[in-house]
Structures are given as C-alpha cells and as structure tokens.
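All remarks here apply to the structure that follows.
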Amino acid sequence: MTTTFPKDFLWGGAVAANQCEGAYLEDDKGLNISDVLPGGSDRFAHIVAEIDEENYYPSHEAVDFYHHYKEDVKLMAEMGFKCFRTSISWARIFPTGEETEPNEKGLRFYDELFDACLKYGIEPVITISHYETPLYLAQKYNGWASRKLIPLFEHYCETIFKRYKSKVKYWMTFNEINNTLRLPYLAAAIDIKNNDTSWFGDAFQASHNMFVANAKAVKLCHELMPNARIGCMLSLSNVYPNTCKPEDIFETYNFRRRSLFYSDVMMRGKYPGYSLRMMEGMGVKLDIRTGELELIAKYTNDYLGFSYYRTSNFASNVEMKYNTGGSVGIDNPYLEKSDWGWAIDPIGFRYTCNELYDRYQKPIFVVENGLGTVDTIAADGSIYDLDRMKYLAKHVAALREAIADGCDILGYTWWGPFDIVSAGTGEMKKRYGFIYVDKDNDGNGTLKRRKKASFDYYKKIISTNGADL
Ligand code: BGP
C-alpha cells in the first residue's frame, strides 16, 4: 500500500479576504458583514449592523494583503506552494450585492492577484463567499433567510466565472455552510433577534436557499468552465462521545449529522431522512419551490472541501462553546490543547478523512488545518515556533495515512500561511502563519513580514512531497 502523497498533490495555504486584505472601502468596495464585527470579546455579543467610530475593526486594515499581495505570494512561492486558497470579497465586485454592473476595480484586483499566483505555478483555489455577504443584503433581506439572494448570488457567480475562467480551476461556494446553525450571522448573514431560537426557522430556510444557490453555481461552473471543479465547504472538526453510554453515542452521532446534513444534501443531492425529522422536531417547515429539489439532485458538488482543527468531546447536557477563544466541548484527557483550548488530535484528522471519503466516495480537499498560537520573538529577532512545526508534522503524517487508507484527497492548504486576523476572536495574537506579520490586537504595527522557523519546515515538506517529516 503506497504511503506517499500523489505527485499532483496540492500543497498550499488558505486565507479569507476579510481576514487579510484590509482596504475595506478601497476602490469602491462595499461593506460586508465581517466588516462590522469589532475586535475583542464583544465580537459576537451582539450583531452590529453599522460601524461605531469608537470601536476598532480588525478587518478594516487586517494585514493589508490588498497592497502586500505580491510580496506575500512571492513568499508562498518560495515555500513551493502548488495552490493558494482565498476568497473573492463579494462586496468588491458588487458593493451592495444588487448592482447589475460589477465594480471593475474590484475585478481587476483579483485578476492581478491570480496572475501573481499563476506566475509561480500556484493554482488559485477560490471561495466565492467566506463570511462576506454584502452588509446591504443582510440589512435589506435578513441575508440568506430570503430567497432574493439566490439570483443575486447567481449573477455574482456568472460574473466571476466568466472573468476568471482562464485562471481558476478550483472553486467552492460557501465557507463552512454548516455554521449556519451555530454562527448564523457569519455563515448566512441572518440577524439573531433577541437570541431566542425563533431564528432556527430562518437558519434552515437560509440553508435551503443556499443549497439552491449552490446547485445553480455548480450548473454555471460546469457550463462555463468544463475543466474546473466546484466544491462545497464545511467546518468538520470532529466530535467524540463523552462516554460509551449508548445514549451518548447516539446523541453524538446525531450532533455530527447536524453538520453532515449539509454535505449530504450538496454531495448526494437530496435531504436525508434524519434531517427532515430534525427539522420537524424543531417545528421548522421549509418553503421549497417547484423544481428546486430536482436542481439540487442534478447539480451536486465535485468535491468536499472542509476545515479540520481539533476534536471535542460531546454530551448533550454540555453547551458546546465555539471559537470565542474558549475551549470547545468537554476536555479529552488523552489530548494536549492549544493556547486557545483546542484539542490537538492528528488521529482524529485521519479518522475524519476516512469518515468523509467513506461517506461520499468523491474527492475531499483539506482547505483549512492549522494551529493558532502566541508566537514570541527572540532577542535576535527569530521566531522558533516549535508547537506549530509539531502540529504540522503530525497532521501531515495523519494525512499520509489517510491516503494510504484509500482516501482520495486533492490537497492540503494550511490555514493562515501568513498571520491574519482570527475569525473567532478578531485577534492578531492568535497567529497561524509560517510568516509573522508585525501587527497587534489593537491594530498597531509596521505590517512587516518575517519568516518563522516553520517557513523552512513546510518548504521541506512540500519539496519532498510529504516524505520527510
Ligand atoms: C474557520 C474559518 C476561518 C478561520 C478558522 C480559524 O472556522 O473558516 O475563517 O478563521 O476558523 O478560526 P479562528 O480564526 O477563530 O482561530
């Protein structure tokens, strides 16, 4: 059984426009929902629908990738990247989301970015919407809860597919679409009124509307770019039962299916029975129009993109806290944790790859994996990020085992190859990069880029195609 990576394995890194570009209003860009999320602990405390000049907003400058992209792409090329995942910021192309004509300055930026990548043989891997719904659509329609976003998204897709069809071969529709059920504002631009569970109905209707939009994007992609592939994308860090009690086992299985429900619909083309029972149990009645289920059945995704960071232990009587910097679920005594309490579990990574490939029997693509740590700069200016190198080595080894298990894995893009803004905390302190960016949580710094020890470590992994760990 082979224990090496395929020769065309797509080694690379991943970011999101709102977490790196900055230039949040430059060249006629409109506001997106991530532009109104302040930094600090009140980031998700309430949905902020306008900018409060007193606050600091991490995404407004982020790490100014908009003006540093040539330098950053050159550094990624130096590591030997075969691909680079980022998102197109929808509001750069359509500032409110409702314009008929696109913003040429926005289109030009991504033309130049993709050209800079292709110059080094780096394939762009593009997320069409990464928590970046235009704010105007969130305010006017309550985001994806309204099916009015379906034709607007279709127009956006047609515009970028026609513009970049000679440059981009790998697309994915919505970042972590399954987060619609746990971070509805980010994933589906739905406002949570009074935090009561009445928004469940909006969340499931939004999911349906996004399934329809996803199918239309697949149809358009295959018609306009026959050689391109378009995936769906989910957040799929895994969950373990907290005990061997059968009730816990089944509860955990059901909890996992609250996520896999999304990939089941988009990869298999129909609502699974358990999801209908789940919605019924929540009193949710979907508004499904004629022809939509047939569209979803006909246009399924070519691959499953997913993020994997950690595993958590689950028990139904324990609230699963996410992303706000707190630990996730119940502690697993067998696993070390990151500075932010995320359990480090490479075997869980191998398990998850097998779980997903067995379920869909279609290619899977690891489009986010990484370790957020507090990096320290030594007196000589060097940054010896040993924890990151250990995490990388263990997870690449696990990936190699998953491939040897028979999983068809397209590639691996490390989350945050250069330091960017953390989505969950709005912090720069939570650094993922192989490249340090001089900026702190309050927005101070020179934005200077500096290689960490892990820069050469990942470069060696790529140059040996994962053989030398
Ligand atoms: C995922 C998001 C990414 C990224 C990642 C790391 O859920 O798709 O945008 O942010 O989480 O999380 P964080 O940035 O909160 O450390």
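A quick note: this is a predicted structure, and the numbers were derived from the prediction, not measured. As the structure lists them, so they are numbered: ligands from 1, and atoms in each ligand from 1. Residue indices begin at 1 and follow the sequence shown.
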Using non-hydrogen atoms of the residue, decide whether Tyr309 is closer than 4.0 angstrom to ligand 1.
yes
- Task: Consider every N or O of Gly424 and every N or O of ligand 1, then say whether any pair is closer than 3.5 Å.
- Result: yes
Requested in this report: Flag the pair His395 / Tyr391 as yes when their ring centroid distance falls below 6.0 Å, and as no otherwise.
Outcome: yes
Quiz item: Would Lys460 count as a cation-pi partner of Trp11, with NZ or CZ less than 6.0 Å from the six-membered ring centre and within 45° of the ring normal?
Solution: no
Q: May I ask you to check if ligand 1 and Asn175 share an N or O to N or O distance below 3.5 Å?
A: yes
Under 4.0 Å from one or more heavy atoms of Ala423, ligand 1 contributes atoms 9 (O), 10 (O), 13 (P), 14 (O), 15 (O)
(Q) Polar contacts were defined as any N/O atom of the residue lying under 3.5 Å from an N/O atom of the ligand; does this apply to Asn179 and ligand 1? (A) no
Filtering Tyr432, Phe306, Trp340 for the heavy atom nearest atom 16 (O) of ligand 1 leaves Tyr432
Would a 4.5 Å heavy-atom cut-off, applied to side chains only, mark Tyr360 and Leu260 as touching? yes
### Query
Are Phe65 and Leu447 close enough that some pair of their side-chain heavy atoms sits under 4.5 Å apart?
no
Heavy-atom contact check, 4.0 Å cutoff: does Trp342 meet ligand 1? yes
query: Does Arg431 count as lying over the ring of Tyr436, i.e. NZ or CZ under 6.0 Å from the six-ring centre, within 45 degrees of the axis?
result: yes
Ligand 1 to Ser422, heavy atom cutoff 4.0 Å, flagged ligand atoms 13 (P), 14 (O), 15 (O), 16 (O)
Ligand 1 atoms nearer than 4.0 angstrom to some heavy atom of Glu176 are 1 (C), 2 (C), 7 (O), 8 (O)
_If we count only N and O atoms by modelled type, under 3.5 Å, do the side chains of Tyr131 and Glu176 hold a donor and an acceptor together?_
yes
Q. Can the ring centroids of Tyr136 and Phe94 be said to lie less than 6.0 angstrom from one another?
A. no
